[in-house]
Amino acid sequence: METLLALPVLLPLIGAAFALLVQHSLRLQEAVTITTLAVVLAVASVLALTVDRDGPLVLQIGRWTPQLGIVLVGDRLSTLMLVVSSFVTLAVLVYSTGQSVTERLARTPMAIYHPTYLVLVTGVSNAFLAGDLFNLYVGFEVLLAASYVLLTLGGSASRVRAATTYVIVSILSSMIFLSGLAVIYTAVGTVNMAELAVRLDQLPPGVRMTIELLLLVAFAIKAAIFPLSAWLPDSYPTAPAPVTAVFAGLLTKVGIYAIIRLETLLFPQSQTSTLLLIAAALSLVIGILGAVAQTDLKRVLSFTLVSHMGYMLFGIGLSTRMSMTATIFYVAHHIIVQSTLFLAAGLIEAKGGTTNLVRLGGLARTAPLVAVLFFVPAMNLAGIPPLSGFLGKVGLVRAGIAVGTPLAWILVATAVITSLLTLYAIAKIWNRAFWQEPPEPLEDVDRPLPAPMVGATVALVAASLCLTLFAGPLLRFADGAAEDVLQRTPYVEAVLGPDAAQQLVYRIDDQGGKVQVR
């Protein structure tokens, strides 16, 4: 069963090579890419069910020891992220096959798109399964290299300009991450995360804090946490809708995933809780105020993305079992909902010819299906009961109330106000794009939408509703994942054995306390 851990990384890579070989046939490329991602989704689902029943799986590539070789680790957290990311990337790919029909192929080189998209999936899967920090770095670099190509697809001036900002910020983040790797290897002589969990506990507090802050800054840039989020609203909106959907929904969550590992497995004794909570509050407020001020649909959604990263950082900063459960649930919810909203924005653009809210109008009457496909995830993002966004936010608010510190109460109030302002931003979009009459007749409103674009969006909307219908099992899974990451021992024991797990000095209890066990 451990061998399956290699498939989510290898299959997209092999699929990318095959897609390049058949670049003369777009339909064959689509078949290869969709089949590959469907198999990856099936493998990820099997892995999630297996680790939930039997505990973490570990694959030592080439049978090298964990200290010397590449290790892939699948636990509840990583396999849940793998399942959600596989489903979203598959749906977005199906959507893009419809968009290729509506866009001029001369401007959008689809022969490059499919192999690059699979390379992106390889990087994401590798990041989620990486058992050492260097392999995590490689995963980041692979997905970033692919994202540079996808962002500039079509080669318009605005896309190249936006990608330039993205490239500069990403290189800066990678340099900080690489510097952190150098410092951490110098300090403890390993980059294996299970071994780091043991050795970092032995370091002096000052050295631990320096390493933690270096890695935290690198991951916060990738997760678009304020004040390191300025690059996002300018970079994402110019890309094609499918690219923006997978970037906004997924890539920032890879950064959040890394921060969860950082603050639980590597640095359970962290003293950065206050810093994380302040950054969470600022992300919530600045992001949503930016969203309210925008007049372009994609920019509104980009700013809400920055804002809602604050909810996830809120849960990580509290570090209780309840907050971590709510955070993991919210990450899964937000990947699906944010991706769906950007796909719906693509449908609106196809019907209205623009995403500028000033020029849109009347879509509730002329495109009722598009209205429904936007309305459901929009209400979910705003946290309207009983949808999954409401459940995740209630979990975070309850966790904040349970902690009961002044800063936690400030975060609770900020989270509630941000949710209301999100509803206001969504209402503004709805009013201008769907209710009000357009200032000028929309030229493309009568053009039928390609079935793959509609079908993929419907599938994601249905998935977001399933998060509500099956919230109980998903919350139970997320609670198990939260318990594992806070205790640390299941991960370390799976990779290095029970003797190494007994050497751990710290763990985090269910109330967020830093407990010294040795």
Side-chain angles (χ1 to χ4, degrees), residues 220 223-229 232 248 252-253 255-256 259-260 263 272-293 300-338 341 377-427 464 467-468 471 475 478-479 482 511-512:
I225 302 296
F226 185 86
L228 306 171
S229 58
L232 190 148
T252 48
K253 308 309 181 301
I256 282 291
I259 293 176
I260 291 176
E263 295 300 312
T272 58
S273 173
T274 301
L275 176 65
L276 293 177
L277 291 177
I278 291 173
L282 291 174
S283 296
L284 286 164
V285 173
I286 302 298
I288 199 59
L289 290 180
V292 169
V300 173
L301 296 178
S302 295
F303 274 100
T304 61
L305 170 61
V306 173
S307 172
H308 283 240
M309 299 309 292
Y311 283 108
M312 297 164 227
L313 200 62
F314 176 24
I316 298 171
L318 293 177
S319 289
T320 67
R321 181 167 169 178
M322 185 188 297
S323 74
M324 201 58 75
T325 300
T327 298
I328 294 170
F329 178 85
Y330 201 82
V331 170
H333 143 84
H334 197 259
I335 290 174
I336 293 177
V337 168
Q338 194 74 41
L341 281 170
M379 291 297 101
N380 207 341
L381 184 74
I384 298 299
L387 299 170
S388 55
F390 171 77
L391 299 175
K393 288 174 183 173
V394 166
L396 290 168
V397 167
R398 285 185 59 197
I401 293 172
V403 170
T405 62
L407 189 54
W409 275 106
I410 291 173
L411 262 296
V412 167
T414 306
V416 173
I417 293 170
T418 300
S419 188
L420 294 174
L421 287 174
T422 303
L423 183 60
Y424 171 77
I426 294 299
S464 70
L467 292 181
T468 303
L475 279 168
D479 183 56
Q511 287 72 46

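By convention here, the first residue in the shown sequence is residue 1. The model shown is predicted, which means the values in this text are computed figures rather than measured ones.
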Using 0.5 Å steps for rounding, measure from the OG atom of Ser319 to the CG atom of Leu277.
8.5 Å

To the nearest 0.5 Å, what is the distance between OG (Ser302) and CG (Leu341)?
11.0 Å

Roughly how far, to the nearest 0.5 Å, is the CG atom of Leu289 from the CG atom of Leu421?
6.5 Å

Contact between Leu284 and His308 at the side-chain level, heavy atoms closer than 4.5 Å - yes or no?
no

If you take all heavy atoms of Ala482 and Met324, which pair is closest and at what distance?
CB-CB, 3.7 Å

Nearest 0.5 angstrom please: Ile288 CD1 to Ser283 OG, how far?
12.0 Å

Counting only N and O atoms by type, is there a donor-acceptor contact under 3.5 Å from the side chain of Lys253 to the main-chain atoms of His334?
no

Can you confirm whether Thr304 sits close enough to Gln338 that some side-chain heavy atom of one is under 4.5 Å from a side-chain heavy atom of the other?
yes

Does any non-hydrogen side-chain atom of Val397 lie less than 4.5 Å from one of Leu411?
no

Indicate whether any N or O donor in one side chain lies under 3.5 Å from an N or O acceptor in the other, for Thr272 and Glu263.
yes

Side chain to side chain contact (heavy atoms under 4.5 Å, CB included) for Leu232 and Thr252? Distances and angles first, verdict last.
CA-CA 10 Å; Leu232 190 148; Thr252 48; 3.9 Å; yes

Give the minimum heavy-atom separation between Val306 and Gly287, together with the two atoms involved.
CG1-CA, 4.2 Å

Compare every heavy atom of Gly395 with every heavy atom of Ala326, then report the nearest pair and how far apart it is.
CB-C, 3.7 Å

With sequence neighbours excluded, tell me which residues meet ring-ring contact (aromatic ring centres under 6.0 Å, His included) with Phe226.
none

Atom pairs and distances, side-chain donor-acceptor, residues 309-318, under 3.5 Å, sequence neighbours left out:
from, atom 1, to, atom 2, distance (Å)
Tyr311, OH, Ala415, O, 2.7
Tyr311, OH, Ser419, N, 3.2

Looking at CG of Leu282 and CD1 of Ile225, how far apart are the two atoms once the value is rounded to the nearest 0.5 Å?
11.0 Å

Between Leu396 and Ser323 the two heavy atoms that sit nearest each other are CD2-O, 3.9 Å

Can you see which heavy atom on Ile426 is nearest to which on Met379, and at what distance?
CG2-CE, 3.7 Å

Atom of Ala408, atom of Gly400 and distance for their closest heavy-atom approach:
CB-O, 3.5 Å

Taking the side chain as C-beta and beyond, is there a heavy-atom pair between Ile260 and Ile256 under 4.5 Å?
yes

Taking only residues two or more places apart in sequence or in another chain, which ones pass side-chain hydrogen bond (donor to acceptor under 3.5 Å, both in side chains) with Ser388?
His333, Asn380

So Phe390 and Ile384, do their side chains get closer than 4.5 Å, heavy atoms only?
no

My understanding is that only one of Ile417, Ile410, Val416 makes a side chain to side chain contact (heavy atoms under 4.5 Å, CB included) with Thr414; could you say which?
Ile410

Can you tell me how far CD1 of Ile328 sits from CG of Asp479, rounded to the nearest 0.5 angstrom?
9.0 Å

